[in-house]
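These notes are about the structure you will find just below.
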There are 2 protein chains.
Amino acid sequence: MVTMKEIAKRAGVSVSTVSLVLNNRDEGRVRGNVANQVRTIASQLGYQSNPLASSLRTGRTHMLGFISEDVATTPYAGGIILGAQTAARELGYMMIVVSTDGAQNEAEEIAALKRYGTDGFLYAKMSNRITDVPKALKDMPLVLVDATDEAGVVPSVEPDEFHIGYDATTRLIASGCERIAYVGAEDPIIAEQGRLDGYRAALAEAGRDFDEHLIVHVGNNEPALEAVNALFDSAQPDGFFCFNDARAWYVYECAARHGLKIGHDISVVGVDNHRVFADTLVPQLTTVELPHFEMGYWAASKLVSLIEESPLADMEWPSTTAPLPPLNAPVPAKIHCALIEKESVRS
Amino acid sequence: MVTMKEIAKRAGVSVSTVSLVLNNRDEGRVRGNVANQVRTIASQLGYQSNPLASSLRTGRTHMLGFISEDVATTPYAGGIILGAQTAARELGYMMIVVSTDGAQNEAEEIAALKRYGTDGFLYAKMSNRITDVPKALKDMPLVLVDATDEAGVVPSVEPDEFHIGYDATTRLIASGCERIAYVGAEDPIIAEQGRLDGYRAALAEAGRDFDEHLIVHVGNNEPALEAVNALFDSAQPDGFFCFNDARAWYVYECAARHGLKIGHDISVVGVDNHRVFADTLVPQLTTVELPHFEMGYWAASKLVSLIEESPLADMEWPSTTAPLPPLNAPVPAKIHCALIEKESVRS
DNA sequence: ATGAAAGCGCTAACAA
DNA sequence: TTGTTAGCGCTTTCAT
């Protein structure tokens, strides 16, 4: 481990000078050739700063905490984590991910992270839920990912649920579907409402009436399958917009029971939350993949800007302008969604 | 943030005494009542040690690195991470998980972790693969999870693949299956060979001949489905042991094509690697779940013992003695597998 | 423009 | 049995 002391010795200067130079605070404080000298030696020796040592002085560890309980059970969070980690590293931060079981160990994990001096937190939920922010996080730089806090005051990054519903439905309309069903979730998640709104808006724009009989809200259980089956019988839809791929699965199963071929007799668009289907399974389903990576990337960037009290750097954000995949595409395709960032006040 | 200094002041002793007491090094070095006094004040004030500060002196950060590339794409690693994290926290360590894309950023991530002074590493692969250990890890305390290194010298924790195959096949035999097929993977993974061996051993023990025509090795692709379909036609198996749940899916699909009902006409046991199937989907499949949590837990425990050069504490390890789930159980059930730990020399 | 020195919180020799 | 002191690697006044 090469230290500043070492560099100082070789360069014949003091440690403080080295510190100044290596932190780029040498503007008009250190002579140019001295600075260069120091930099040269530093890179020759392969100097790596010791973030822990500097944290002692500065109070900044350059560590970020990422809290989520979904990491353990779904690959959902994977993309988010990867995105967040990528941004973190680019900005010179290390991200510590902790998976939690329930509220109990969540508090413990947060406490542990705080002991290690994390500079801020990312807090992720699944499917844009309304969340109680743990009290331990309230006094820290914090960004929510795919979640909304009760009070609506915490910055968060969420998919544009409305556009997801709108785009999916529009695509089904464009492909010639006449009776488009919505297979939604039971829980009062924000995503549910937003997507349904998008569905309605797309229908309205196409001059179609909203038909309640084409809507079902189902859970993750046995009755769900029967409810979807009943929908096939009662409303005979020829297009399906499914809240997630678990719901799409019900449609797949029921279509098989009715002898209907997806991509031929009926069209289906599902939103991929859980990655239920492995790469090549059920290729007939068109799956809209949420912009997980982008959400994570943006969230981490925002968090760092909060910590450093610097403005967010300009970035090219994903938007809904990206083309939708063709219906019944052979492989799940990914569309981008606009991300919504809230600051202090709910919009 | 309450510091030792603070405690020392209140207790009217020196910081070193506080340090001694709080690190339980006060055996015969500090008077009992003084020690108690210090402890009382510490807990009153809610003292939390600052691990970063002590690391500066001791060279130990009490941070563990967990490297895996599968975190992002499958929930597979989730249980392992949770187990490892649990053990780590119990032992007073913080675990930093990094997901990597490929070898490129793997090296970067490892370098970053080292800069932060992690005391050791967990390196996880999927499905017990033979792995090149990154050079950067070679000089560090290291434990592999569900992987084996080429040279066979790195301690690792792996499922007992043989028993998985043996148990699954035995169960199919017990349920009355006459022609038991094995649907395996293509890749030369250790898990593949071990499970196949277990399958053969179970057959032999039951006095049955091994029939090559009941074996297929398939990938994750279109031809795979056709290969399994051909197996149905050519060998007409009435029981299936599937390498993982992706393979089980093929069986499910082909059974449907042949009008065969799982749990009635044929029996299927799959090993759950990827959690392709959500909770209530395809409930007819009996899924053997790998002991992910336990592997992670054990691996982290082992790693800490390596770091601290202390013997592994006695623990109750999961074993194959746990009862297998009933065939065609309504929900995927979890069986335990014996874990194998190697030390210095391959057994 | 540069360096000396103090100090972040903690541990560990060494003194007392 | 306890306290003093030095120092881990770095940042930051404050002198020079």
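Each chain gets a letter, A, B and so on, in the order the sequences are listed, and its residues count up from 1. What's counted below: heavy atoms across the whole structure, side chains too, no hydrogens, waters or symmetry copies.
As judged by a 4.0 angstrom heavy-atom cut-off over every strand, Arg31(A) is placed among residues touching the sugar-phosphate backbone only.
Taking atom CG of Asp26(B) as the reference point, atom P of dT2(D) lies 10 Å away to the nearest angstrom. The distance between atom CD of Glu27(A) and atom C1' of dT2(C), rounded to the nearest whole Å, is 17 Å. Straight-line distance from the NZ atom of Lys5(A) to the C1' atom of dA5(C): 14 Å, rounded to whole Å. Going from atom CZ of Arg60(B) over to atom C1' of dA12(C) covers 16 Å, rounded to whole Å. Rounded to whole angstrom, the span from the CG atom of Asn23(A) across to the P atom of dC10(D) amounts to 10 Å. Rounded to an integer number of Å, the gap from OH of Tyr116(B) to C1' of dG9(D) is 15 Å. Rounded to whole angstrom, the span from the CZ atom of Arg29(A) across to the C1' atom of dT11(D) amounts to 11 Å. As a whole-Å value, the separation of His62(A) NE2 from dC10(D) P is 14 Å.
Note: Ile7(B) CD1 to Leu45(B) CG = 6.0 Å, rounded to the nearest 0.5 Å. To the nearest 0.5 angstrom, Leu56(A) atom CG is 8.5 Å from Ser55(B) atom OG.
Between the side chains of Ser19(B) and Ser16(B), no donor N or O sits under 3.5 Å from an acceptor N or O.
Among pairs with a residue in residues 78-95 of chain A, those fulfilling salt bridge (Lys or Arg N to Asp or Glu O under 4.0 Å) read Arg89(A)-Glu108(B), Arg89(A)-Glu109(B), at least two apart in sequence or across chains. Within the structure, salt bridge (Lys or Arg N to Asp or Glu O under 4.0 Å) contacts touching residues 10-28 of chain B (residues at least two apart or in different chains) are Glu6(B)-Arg10(B), Asp26(B)-Arg39(B).
One end of the helix from dA1(C)-dT16(D) to dA16(C)-dT1(D) points its axis 50° away from the other end's axis, with each axis taken from 5 pairs and the angle rounded to 10°.
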| said: Under the criterion side-chain contact (heavy atoms from CB on, under 4.5 Å), I'd like the reasoning laid out for Glu150(A) against Ile130(A): C-alpha separation, chi angles, the key distance, then a yes or no. | reply: CA-CA 6 Å; Glu150(A) 209 102 41; Ile130(A) 294 192; 3.9 Å; yes
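DNA chain D is contacted by Leu56(B), Arg57(B) of residues 38-59 of chain B, taking any non-hydrogen atom closer than 4.0 Å. In the region residues 11-21 of chain B, proximity to DNA chain D at under 4.0 angstrom, judged on heavy atoms, holds for Gly12(B), Val13(B), Ser14(B), Ser16(B), Thr17(B).
Across dC10(C), dT2(C), dT2(D), the shortest atom-to-atom separation from the side chain of Val30(B) is found for dT2(D).
Of the possible polar contacts, one joining the Lys114(B) side chain to the Ala136(B) backbone as a donor-acceptor pair under 3.5 Å is found. Side chain of Asp119(A) to main chain of Leu64(A): no donor-acceptor pair is present (N/O by atom type, distance under 3.5 Å, no hydrogens or angles). One N or O on the side chain of Thr61(A) and one on the backbone of Gly117(A) form a donor-acceptor pair closer than 3.5 Å.
Between Asp149(B) and Lys138(B), none of the side-chain N atoms (NZ, or NE/NH1/NH2) sits under 4.0 Å from a carboxylate O, so this pair counts as no salt bridge.
Here Asp132(A) pairs with nothing under the salt bridge (Lys or Arg N to Asp or Glu O under 4.0 Å) rule; sequence neighbours left out.
Between Met4(A) and Asn33(B), the residue whose closest nucleotide on DNA chain D is further toward the 5' end is Asn33(B).
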